[in-house]
Amino acid sequence: PKKQIIMSRFAQVKDLILSLEGDFEKFYEKGNQAAGTRVRGGLQQLKTLAQEIRTEVQNKKNAGN
């Protein structure tokens, strides 16, 4: 069902944020430039995923479900 898909995507958001934690630390505390690149890429993925979830929520709201 749709609910499971949206909840699965929400879990993906949480997992993605947690996976970026180490790279954030490496970039901001140690100045590791490659980690900064990974952070930027991960944040782009997060943006895309969040937009997909937002669209699904809006569609469900507009459908009256």
Side-chain angles (χ1 to χ4, degrees):
K2 279 266 193 205
K3 181 180 177 183
Q4 287 178 333
I5 292 171
I6 292 174
M7 293 307 292
S8 172
R9 288 182 189 248
F10 182 69
Q12 286 178 315
V13 168
K14 292 192 305 186
D15 291 344
L16 180 56
I17 289 171
L18 291 175
S19 74
L20 293 173
E21 186 174 12
D23 285 328
F24 265 101
E25 290 174 2
K26 287 177 187 175
F27 179 69
Y28 283 106
E29 294 176 9
K30 299 177 182 173
N32 183 319
Q33 297 299 309
T37 300
R38 290 189 297 273
V39 166
R40 289 179 50 238
L43 290 174
Q44 185 62 44
Q45 286 180 311
L46 181 61
K47 177 183 173 184
T48 301
L49 189 56
Q51 183 60 47
E52 290 171 0
I53 294 169
R54 186 179 183 280
T55 300
E56 289 174 10
V57 169
Q58 186 68 40
N59 290 341
K60 182 172 176 61
K61 178 183 164 211
N62 290 342
N65 293 330

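Along the sequence shown, the residues carry numbers beginning at 1. As the structure is a prediction and not an experimental result, all values here were calculated from the model.
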Problem - Glu25 with Lys30: basic N within carboxylate O range, under 4.0 Å - result: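 Salt bridge flag = no for Lys30 with Glu25.
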To the nearest 0.5 Å, what is the distance between [atom1] ([X]) and [atom2] ([Y])?
{"X": "Arg54", "Y": "Lys47", "atom1": "CZ", "atom2": "NZ", "answer": "12.5 Å"}
{"X": "Gln12", "Y": "Gln45", "atom1": "CD", "atom2": "CD", "answer": "9.5 Å"}
{"X": "Gln58", "Y": "Gln51", "atom1": "CD", "atom2": "CD", "answer": "10.5 Å"}

Exercise for the section: Following the transitive rule for hydrophobic clusters with a side-chain heavy-atom cut-off under 4.5 Å over Ile, Leu, Val, Met, Phe, Trp and Tyr, establish whether Phe27 and Leu43 coincide in one cluster. Expected result: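 Looking at the clustering, Leu43 is in the same group as Phe27.
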Handout entry: Val13-Val39 co-clustered via ILVMFWY side chain contacts under 4.5 Å
Key =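 Shared cluster, yes.
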Practice task
For residues Asp23 and Ala35, report the shortest heavy-atom separation together with the two atoms involved.
Solution key: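 Scanning both residues, the minimum pair turns out to be O-CB, 3.5 Å.
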Practice task
Step through the shown structure and confirm whether more than 12 heavy atoms of other residues, nucleotides or ligands are within 6.0 Å of CZ on Arg40.
Solution key: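 For Arg40, atom CZ is not crowded (no more than 12 foreign heavy atoms under 6.0 Å).
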Practice task
Would you indicate whether the side-chain heavy atoms of Leu49 and Arg9 approach each other to under 4.5 Å?
Solution key: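 When only atoms from C-beta onward are counted, Leu49 and Arg9 do touch, with a gap below 4.5 Å.
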